[in-house]
Amino acid sequence: MKGNARAFASALFLIGLGLMLVTLFEALPFGGAPMQVGQAIAGRALEDTGATNIVSAVLLAYRGLDTLGEVAILFVAATAAGLVLGGAGRAEAQGTPAGFILRAAAALLFPFLLVLGAYIVIHGHLTPGGGFQGGAILAAAFFVPLLAHPASPVNHGVATVVEAFAGAVFVVIGLAGLVGGGAFLVPLLGAGTPGDLFSAGSLPLLYLAIGLKVGSELAGLMARIAAAGDPARQGGKA
Amino acid sequence: MTLTAHHVVLPVALPLLVAFLLPLVGRLSDGLARLLAQLTTLAVAVIALLLWPAASDGGALVSAMGGFAAPIGIVFYADKLALMFVVALAVGLLLFRPRREHDSTKVQTLWLLLLAGGSGLVLSGDLFNIFVFYEITAVATYGLGASAHTGAGYGASLRYLLLSALGSAFALLGIALVYAAAGTLNLADLSQLAGERLTGPMGLTAFVLMVLGFGVKAELFPVNTWVPEVYTAAPTRVTAVLAGVVSKLAMVVILRLLVLLFQDPAALGFLLLLGAIGVAAGELAAFRSRDLHRTFAYSSIAQLGLMAVAFSIPGHAGVLAGIAVALHHLVVKPAFFVLADRWRGEIAGLTGAGRTSPLAAGLFVLLSLSIIGIPPLPGFWAKLMLFKAAIDAGGAGNLTAVAIILAATVIEAAYLFRVVGILYGTAPAGRPPLRFTLGELAPGLLLGAVLIAATVSVAPLGDGLTAMAADSADAAAYASRVLPGGN
Amino acid sequence: MPFALPFDMTSLDLLMAIAAAATVLLYLFGTARLGGYLATLLHGAALAVTVAMGLDLAAGAGAIPSSLRLTVLGQQLAWTLDGLGWFFLLLTTGAAFFSSWYMAGEWGRVQQRARIQHGTLALNVLTMVLLLSAGDLLGLFIGWEFVSWAAFAMMIQAGGPATQAAYRYMLYALAGAMALFAAILVVHGAAGGFGFDQMRAALPDMSTGMLWTLFALFAGGFGVKMALVPTHLWQAPAYSYTPGASSAFLNAVSARMGLFALILSLVKLIGFDTLAGLRIPMTGIESTDILAWVAAITMVVPTYIALMQTDARMLLTWHGIGQGGYMLLGILVATPLGVAGGLLHVFNYATYQMALILAVFAVIHRTGTADLDELGGLITRMPLTYVALLMGIIGLAGLPPMNGFVSKWMIYKALIVTQQPLLSIAAFVGTLGTILSVYKLIHNIFLGQLRVEHREIREAPWSMTLPMLVLAGIGFVTGFAPGLALSIVDQAQAAMGVALLPHHLGGVVLATGSLNMLWVVGVLVGAIGVGALIFYVLGNRRFETHQYDNYAGGHFLSADIRYHFSHEFYPGLARVIGPWYRGWVVRMEHGLGVLAEVSGDLWHGVFRAAYTPLYVLIVAVLGLFWAGGAGGFGS
Amino acid sequence: MTMDAEMLGKALYAGAVCLVLLGLYGMVVPRNLMRIVLGLVLLESGVNLFLVAAGFRADAAAPILTAPFTAQAAGPLVDPVPQALVLTAIVIGVGVLALGLALVVRVKEAYGTLDTHAVANRMARETGADPAVTAAGARTPGALPVAAGRTAEDAP
C-alpha cells in the first residue's frame, strides 16, 4: 500500500472510531459515576486504614496488590531493559561534559530534590503525593547530576541493593498478614490518629518502600538508556 | 504447614519476593540465584498442588487481599482451573528453565516475574488487577523475546511490544468503560450487574476492546501478527513457554470474561468469528511456511483459534472443549519446539534427519498425530468434545466453524506429514547428521510420555475435566463464593 | 478399562487378543529366523477363530459381542461383530494368513525391515477387527482412522516413491475421514448420540436436506477409501509401492473396508428405502442412482488407465479400483441377486487379486523389476508363477472357469433384470478393458522372447509360490462350485437385511435364468478336452522354439535384438484414452494444492506485513461498529 | 449537574477521544519506530484521561480528607478508585515506554534504521524466512505437496 493511501485509509478509520467513541461516551452519565465501590470506600477508608488521602488508601490498602504489581512492572521493565541493553555504565566513559549552568544547577538542585522527594513519599498517606510521585522526584534528583556529568560512572551496586530490599519489604509486609492468619497485605500496626505523620499503620512503610524502589529503578532505567546511546558506556556489549 | 485460603496469594507473592532479591543474590553467585529461582518455581507448583484438595472441596478458595471483602478489595479466586494453570505454568517454566548462560540472573528474574504475573493472571478476581498482572506477564515476555540478543530478536520484540501495548490500551479503555458503566471492578460483583449494566453497545464495545487487548497474548486474530516473528527470533525455551503456557493464561482470562460478564450471544459470536479466522489463517500460513519454527508458530495460532471457538460455545460443553484443547496444546506445542530447536532453518534441509535421530522423529510423528486429532490420542478427544459442543449448540456460525476446522485439519496433516516425509527421506551424502543429545530431547520426551499417559487414562481425565469445566462455567457459583453475603 | 476374565472371553475377544499379541510379537520378533512362521501361525490362528465364529453365526448366534467396553467423556464404546462384519473379517484374516505365509520364507529374509512389514500387517488386521466390529458411529470413526493410519504405516515403510504415494494417500484418507467426522456429527446433532439405534430412530425426523448431507458425507468419506472417481488418484501408486505381501493385503482387503463402511452406513443404517426416497427435485434421479453412476465411471475410467500402465503393479492396482466399482454397483442394484453378486465379487476379487499381486512380486523378487517393457518369456523360468498369474487374470477378466466370472455374471444379470441398460453397457465396457489389459500383463511378462539377463532366473521359492497357487486354487474351486462362497456371502446378506439368494453348490437358481457352474465348467473342460484331442491326436504340430536366438523372415535374430513386442502395447487405444488419462481429475487435484498454497501465501503476507497496527485498528473499528449494531445503536 | 460540569465533561471526553485518535494515528501511519512509540504514549494518555474522567462527580470534593477527618464532614467525594487506577496505569505506561525505548536503541544499532518495513525485511532475512511474499510462480520447486506427491506413473 502506498504511504498516502494508507494515511488516508487510516484517517477514515480513525474518524469512524472517533465518532463511535463519542457516541459511546455520550451515553455515559458524566459527573454521575456509579461509584458502586467508590462510595463505600470513601465512607470507610478512614476507619479501615487511618489514611486521610483516600487515593492512597485505595492504592495501598484496598488495591494494594495492584500497587505491588505496578512496582513489579517497573522492576520487570528495568530488568528487561537491563537484559536488552546489557550491563551499562561500567566502562570508562568519556561523554561530552555539560555546560556550566547545568553543572552548577545540578549541584544546587540535588539536595532540594532529595528533600522534596522524601517529603512527598512520607506524607503520601496524608496529602496528595506518595511513593510513585516522590520516587520519581528522587530519581530525578539522582539523574540530574548524571546529566551534568555524563562521564561520571553510575554505581548500580547501591541502586541494586536499595531496589532489592525496598521491593522485598513490600512483599514481606504483605506476607506478614499471612503469618497472622489473615490475608495478604492486611493493614498492620493500627490506624493511629488521622492526620498524624505516624498514622495509617503500615501504609507509610509501604510508601517508603515504593518510593525507594521507584526512585532507584527509574534512575537506573534512565541511566541505562542514556548510556546505551553512548557506545563507550555499554560495558563491552556490542 | 496447613494451608488456608489466604495462601492462594503465595504463587504470586513468593516469586515476586525472590525476584526482587534475585539481582542481589546474583551478584554473589549466578548459580545460587538460578538454584533459588528454580526452587521457588518448584515451591509454587507444590503450593498450588497442596491447595488443590481444598479447592476441590469447596469449589474454590477465595482470599480478599488486605481483608477487604469482595467488591471493595481485590480478591483471588482459586478454583481448580486456575490452580491447574498455575501448576502448568510452574512446571513449564521449570522444564524450560534457563541454563548457565550470559545474563543468567536477569533471565532468571524475568522467568520468576513471568511466573508471578501468570499466576496472578489466572488467580485474580478483579478486572483491573488482571490487567496489571497481564502487563507484568507481557513486559516479562518482551524482555525474554529479545533475550537471544540478535537484531531479529530486538526487532520482533519491539514490534510485539508496540502491538501488545496498543492492545493493552484498548483493554484499559474497555475496563474503563466497564467501570464507568458499572462502578465496580470485581468480577463476581460485575457478573451480578452484567445483566443490567453491561448489555447493549456499551458492554459489547468493552468486550471487543478487552478481547483485542487480552487477545494479543492469547494469539487471537488479528492481534497475533507478532507470533511468527517472536517465536522464530526468541530462544526456543522462551518460545516453548510462550506458546505452550502463557497464551493459555490469557485465554483463561477471556474465558472468565465470557462466563461472568458477557454471556451475550453477540459477544460469543464475535469470539467465534475471530477464532474461526484464526484457525483458517494459522493453518494456511503454516502450510505455506518453509521453516519449522514458523510452522509451529502458525500452528499455535490455529490451536488458540480452536480454543476461542470452543469458549464461544455457551454452556459447560464449550468450556470443557476449550480446556481440553488448551491442555492438549500445552503438552504438544512445547515438545514441538524442543524439536524445532535443533531442526532449525529450512524444512527442506532436514532430509534424512529422522534416520539419524529416530527417537526425535518418532516423537514428531506422535505429536503430529495427536495435534491432527487421530484417535486414541488426546488431541482427538479434545477435538471431539469441541465438535460435539458446537453441533449440540447448533447455529449456522458454529456449523461453519466446524466445517472450517475439519478442512483445516487436512491442511494441518498436509504440512506436518510433509515434514515427516522429509525427515524419513534419504539424506544427501556428505552432510553432517543432525543429532540430539538426550539432554536436549529430554523435555520433549517427557511431554511425549505425558501425552501417552493421558491417552491411557483418558477416561478418568475426562471425568475430572468435565467436573472442572462445569464448575468454571457456573457464573452463579463464582458470584456466591466471592460474595458470600449476596449483594 | 474393564477387561473380562479369560474364561469369559468371547471369540471376538480372543480374536482381538490374538491380533494385538501378533502386532506386538511380530514387531519385536519379525526379523527373527522363525519370526515369519510365527506370523503365519498367529494369522492362521486368527483365521481359524474367524472360521469358528462363522460357524457360530451360521448356527444362528446373531452377533458376537466383545467384552471390551470403554466409557470416555460420556461416550460409551462397545464392539460387536455381526454377519456383515464377519464376512469382511474372513477376508481380512484370510488375506493376512496368505500374506504372512508369503513373507515367512525367503521373502522375509531378504527384506531390510521385515519386522516392520510383519508388524504393520498385524496392526492392520487388529485395526480392521476394531473397525468391522464397531458398535456405534464413534467406534466406526475411530476404527476408520485406525485402519487409515495403519495402512499409511504399511505404505510408507518402503521409502522413496512410496513416501510420496503414502503422503498423498494420507491426505485423501484424512479428507475422507473428516467428511465422515462431519457425518457422525450431523447424526449426533439430530439423534443426540452416536449409537446405531439412535441414528435409526432419528432418521424419520430428518429433513431431506439433512439426509442428502448425510448421504453425501458418508458416500464421499468412505468412497475415498474405495477410490471412487474422482478420489481415485491416490490408490494405484500407494498400493503399488508397498512391498510384496503387504501390497497384496492392501489390494485384497484395504479398499474393501470402504465398501464395508458404505454398506453399513447407507444400507444397514439409512436403508435402501430411505435412499430411494431421496430424489433430486423435478427429476426421477435417486440418490443411489448417482452413486451407481459414480461406480460405473469407476469401473470404466481406471480400467482403461490401467491399460496404459507399463508397471505390472500399477496395472493391477488400477484394475483394483475398477473392480471396486463392480462390487458397489452390484450392491446398489439392491436385489438379492445384485447384492449377492457384489459381495461375492468382493470375495472372488480378494482371491485372484492376491494371487496376481503375489505372482508379480515373485517376478520382481527374481528379476528386480516390474517394468512391462523390461520383461518377457519368463514362462519357462517361472512356470508355477505363470500358472498362478494365468489363473488370476482369467478371474480378473471375469471368464469361466474362474470365480470372477460368477460374480460378474450375477452383477450383469442383476443389472439386466432391473432394466438398467446403460449401466450394463458400462459394465461390459469395463470388462472389455480388463480383458485387453490382462493380456498385456501376461504377454509382456511371460510370453515371447526371454531376455538375456533372465536366462538364469529360477522359480520363486515354495514359500512364495504355494500361497499364490493355493489362492488361485481357491479361485478355481469357488469358480466351479460358487455355492461354497455364496454360503459365506449369505451371512453378510442376512445381516444387511436383504433377502437371501437361493443357491446350490454349482450356482444360483433364478426365475429368469439360472447359472450352474458345475455344468459350465464341465462343458468348458469337455470342449478343451475336445480341442486337445484334435490338437494332439489328429494334428500334433507341436514343436518347441528357443526363446532367444530366433529367425524371422529369414533373418537371424540374436538374443540382443529385441523382437518381443511389449512397448506401446495398444497405441490406437492409447490415443483415444489419452485425454481422459491426464484429465480434469489430475488438474482438480493440482488446483486444490495451488489454492491452498496461494491462500497460504495470502495469510503469510498478512502476518508478514509491517503495518499490523492498521489491521488492529480496522478490526477494532469494525468490531465497535458491529458492537454498536448488535447492542442496539444501529436499530 | 451544573452547566459548567457538563461543559467540563464534554471537554474531558473530547480531549480523551482526540488523544486516543492522535495516538492511534501515530501508531498506524508513520513508519518510523520512534514515532510509533510516541504515538503509543499519546494513546495511553488518552485512555488515562478517559479513565480518570469517568470517576468524576459533579459537586464533589477531591478524595482527601481535611481537618475534622471524617468522611461525613467532607461531603460528597469524587470516586477515588479511578485515580488510583490511573496512577497504576501511568506507571505501567512508563515501564513499557522505557523498555520500548531500550529496544528502539538496540534495533537502531542492529539494523541502522528505524523504518518498520526495512526492519521487518531485515528480520525476515536474518531468521531465514522469505524476505517478501513471492508470487505464486516463484516458489521453490517441488514445494506443492500434491504436485510433489504426483508420481511419474500417473502423468507420464
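In what follows, chains are A, B, ... by sequence order, proteins preceding strands, each numbered from 1. Predicted model, so just to flag it, every value in this text is computed and none were measured.
For a residue to count as touching a neighbouring chain, one of its non-hydrogen atoms must lie under 4.5 Å from one of that chain's; by this rule T205(B) touches chain C with backbone and side chain alike. With a 4.5 angstrom heavy-atom cutoff, F607(C) touches chain B via backbone and side-chain atoms both. Of the atoms belonging to V410(B), heavy atoms from both backbone and side chain fall under 4.5 Å from chain C. Heavy atoms of L617(C) lying under 4.5 Å from chain B are absent altogether. For a residue to count as touching a neighbouring chain, one of its non-hydrogen atoms must lie under 4.5 Å from one of that chain's; by this rule T71(C) touches chain B with the backbone only. Proximity to chain B is limited to the side chain of L77(C), based on heavy atoms less than 4.5 angstrom apart. Looking at A324(B), there are no atoms closer than 4.5 Å to chain C (heavy atoms on both sides), in backbone or side chain. For chain C, the nearby parts of F387(B) are the backbone and the side chain; heavy atoms of each come within less than 4.5 Å. Only the side chain of F194(C) comes within contact range of chain B, with heavy atoms under 4.5 Å apart.
Minimum heavy-atom separation, I391(B) to H188(C): CG2-C, 4.4 Å. Scanning all heavy atoms of the two residues, the minimum distance from A596(C) to I411(B) falls at CB-CD1, 4.1 Å.
Of the residues considered (A285(B), G421(B), G462(B), A281(B)), A281(B) shows the highest number of contacts with chain C, using heavy-atom pairs under 4.5 Å. Between chain B and the residues T163(C), I156(C), I142(C), I184(C), the most heavy-atom pairs under 4.5 angstrom are made by I142(C).
Under the 4.0 Å criterion applied to side-chain N and carboxylate O atoms, R290(B) and E597(C) are assigned as salt-bridge partners.
Remark: F141(C) CZ to L384(B) CG distance equals 8.5 Å, nearest 0.5 Å. Put simply, CD1 on I422(B) and OH on Y167(C) are 8.5 Å apart, with the number rounded to the nearest 0.5 Å. The CG atom of L284(B) lies 10.5 Å from the CG atom of D601(C); values are rounded to the nearest 0.5 Å. The CH2 atom of W603(C) lies 13.0 Å from the CD atom of E283(B); values are rounded to the nearest 0.5 Å. Note that CE of M385(B) is 5.5 Å distant from CD of Q75(C), once rounded to the nearest 0.5 Å.
Taking non-hydrogen atoms and a 4.5 Å limit, the residue list of residues 393-408 of chain B in contact with chain C, ordered by number, reads V402(B), L406(B). Chain C is approached within less than 4.5 Å, heavy atom to heavy atom, by F221(B), P222(B), V223(B), N224(B), T225(B), P228(B) from residues 219-228 of chain B, ordered by number.
Between P376(B) and F146(C), some side-chain heavy-atom pair lies under the 4.5 Å cut-off. Side chains of L209(B) and L624(C) form a contact here, defined as non-hydrogen atoms less than 4.5 Å apart. The shortest distance between side-chain heavy atoms of F170(B) and V616(C) falls below 4.5 Å. The shortest distance between side-chain heavy atoms of I374(B) and L174(C) falls below 4.5 Å.
Between F417(B) and W149(C), a ring centre-to-centre spacing shorter than 6.0 Å is recorded.
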Between Y298(B) and H604(C), does a ring pair (Phe, Tyr, Trp, His ring centres under 6.0 Å) hold up when you go through it step by step?
CA-CA 9 Å; Y298(B) 287 130; H604(C) 194 72; 5.7 Å; yes
